[in-house]
Amino acid sequence: MQAALRPSQTESQAHAASPLFPPQLLARLDKNGPRYTSYPTADRYHGGFGEQDYRQALQQRRAGAPAEPLSLYVHIPFCESVCYYCACNKVVTRHHDRAARYLDALAAEIELHVRELGEGVPVSQLHFGGGTPTFLSDEELSRLMANLRRAFRFEADAEISIEVDPRTATPERLAYMRELGFNRLSFGVQDFDPRVQAAVHRQQSFEDVRALMQSARALGYASVNMDLIYGLPLQTTESFARTIEQVISLRPDRIALYAYAHLPTRFKPQRRINEADLPDRETRVGLLSAAIDGFLKQGYAYIGMDHFALETDALAIAKRRGELHRNFQGYSTQPDRDLVALGVSAIGRIGSTYSQNAKVLDEYYAAIEAGRFAVERGLALSADDLVRREVIMDIMCQGRVDFGRIEARHGLRFADHFDRELLQMANLAELGLVNLRPGELQVTGLGWYFVRAVAMAFDGYLHAPGSAASYSRII
């Protein structure tokens, strides 16, 4: 495949020298780091935490906080074709009959949770991810939703969302999903440029996505998100600028702009990408800078990291009010909830534990069909994990850490517990990323664009050499 036609050095340098990303900051901070959808991050989970530990966590929840609302996540792994950039757990197949056994297993897994938690536990948030949730037929989605509604009690204002592959959806399908109770959608767009789409094996037209957007609006979906990826093969600043213009013209409520992490040794489909076609660092910075600039000029608020939202959207309102939270799906307006995760490879959180189901479909089936939870690994958080999780989430979500509040909640002296980290904060303050005041750490406007670097300073697991190698680039 022919290498990408990249923008001129002058153009790339102009973007790299953007006020958002001064070269001196890029030189120091453009490194690999976690996204902190959890802390500790999922690579710290281990096989010493298993099914019995998970059962105990569920039982403790039932005894201590049975009326607290849950979040639910359901993983649908099936895809009709493979997208070369994808790092998700998936099963590529055109045989839709394979969904039948999976739905049986999900029904059994739901029943296992009912036995431990009791019937009718309230649910404030449900998300279907994948894979491709719209791989399921209307009848299969109906069956799954019916099982969930029998087991749990959905609150009247519950957020019920689903990831939609525009290639496997129609306006009629969106209407049916609305009847099932879905009120939020996320469209996987990634890029509208035909050359880029061909390079990553995901071809879909702007016109098809526009038709789905129009239908979603007419059907009364409360929020529509679009996923984009920068750093894909053959992307240039000019081509991605066209994609940004097209996305803005559709006016989604929210936009998630992810950096492509090229890790072909871990994710086999990525080996089909020609590394020579990947944008260099200067171009990647240009792609990101131009996207941020375009969204901000068109009325979107920068929520943090990958997320943008219209100023009138609940996510932007939550940020202004200091009410943002973060879970495995990214930024959320929901309070910090326990998360029950269903399906192969799904990751959940109950109390002070994290757990992940078996990643291999046959192993997931074997556990569930034997009447066991499919938990393969997890983690029970230590006291130090808990305090660091709170600090990191305060940074990622509120951009502020109140030392006194942390001290009162965890019975420690902040300056003693985080003496090394505060020295790093002093260095970041010199770079203009944070303000250190008596009893408080505040992320600056510039610091929001490097918020992962700020949070990483408080990560107790990142000090070993090479420990950040498996994460994506911060920029």
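Side chains included, hydrogens not; waters and symmetry mates left out as well; all remaining heavy atoms used.
Contact detail for D338 and G351: the closest heavy-atom pair is OD1-N, 2.9 Å. Here the closest heavy-atom approach between residue R173 and residue T134 is recorded as NH1-O, 2.8 Å.
We find that R184 and D253 are not joined by a salt bridge, their nearest charged nitrogen and carboxylate oxygen being 4.0 Å or further apart. With salt bridges taken as basic N to acidic carboxylate O contacts below 4.0 Å, one links R349 and D336.
A distance-only check finds a donor-acceptor pair linking the side chain of N183 to the backbone of A158 [under 3.5 Å]. Judged by distance alone, with hydrogens and angles left aside, the side-chain atoms of R254 form no donor-acceptor pair with the main-chain N or O of A309 at under 3.5 Å. The main-chain N or O of G188 is found under 3.5 Å from a side-chain atom of Q204 such that the two form a donor-acceptor pair.
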- Message: Could you go through F128 and F182, starting from their C-alpha distance and side-chain angles, then the distance that decides it, and tell me whether this counts as ring pair (Phe, Tyr, Trp, His ring centres under 6.0 Å)?
- Response: CA-CA 10 Å; F128 280 29; F182 289 97; 5.3 Å; yes
- Task: Could you check Y449 against Y302 for ring pair (Phe, Tyr, Trp, His ring centres under 6.0 Å), going step by step and ending with a plain yes or no?
- Result: CA-CA 9 Å; Y449 296 106; Y302 180 64; 4.7 Å; yes
- Using the ring pair (Phe, Tyr, Trp, His ring centres under 6.0 Å) rule, take H113 and Y54 through it: C-alpha gap first, then chi angles, then the decisive distance, then the call. CA-CA 10 Å; H113 282 88; Y54 183 63; 5.6 Å; yes
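A cation-pi contact, defined as under 6.0 Å to the ring centre and within 45° of the axis, links R101 to Y365. In this structure, R149 satisfies the cation-pi test against F154, with its NZ or CZ atom closer than 6.0 Å to the six-membered ring centre and inside 45 degrees of the ring normal. For the pair R377 and Y45, the cation-pi test (distance below 6.0 Å, angle within 45°) is failed.
If you check the side chains of R337 and S124, you find a donor sitting under 3.5 Å from an acceptor. Side-chain atoms of S345 and N357 include no donor-acceptor pair closer than 3.5 Å.
Under the rule for a ring pair (Phe, Tyr, Trp, His ring centres under 6.0 Å), Y221 has no partner lying at least two apart in sequence or in another chain.
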Please list, one pair per line, the donor and acceptor atoms closer than 3.5 Å that link side chains of residues 76-87 to other protein atoms, with sequence neighbours excluded.
| residue | atom | partner | partner atom | Å |
| --- | --- | --- | --- | --- |
| E80 | OE2 | H96 | NE2 | 2.7 |
| Y85 | OH | Q190 | NE2 | 3.4 |

Would you list the atom pairs, donor with acceptor, under 3.5 Å between side chains in residues 63-70 and any protein atom, with sequence neighbours excluded?
none

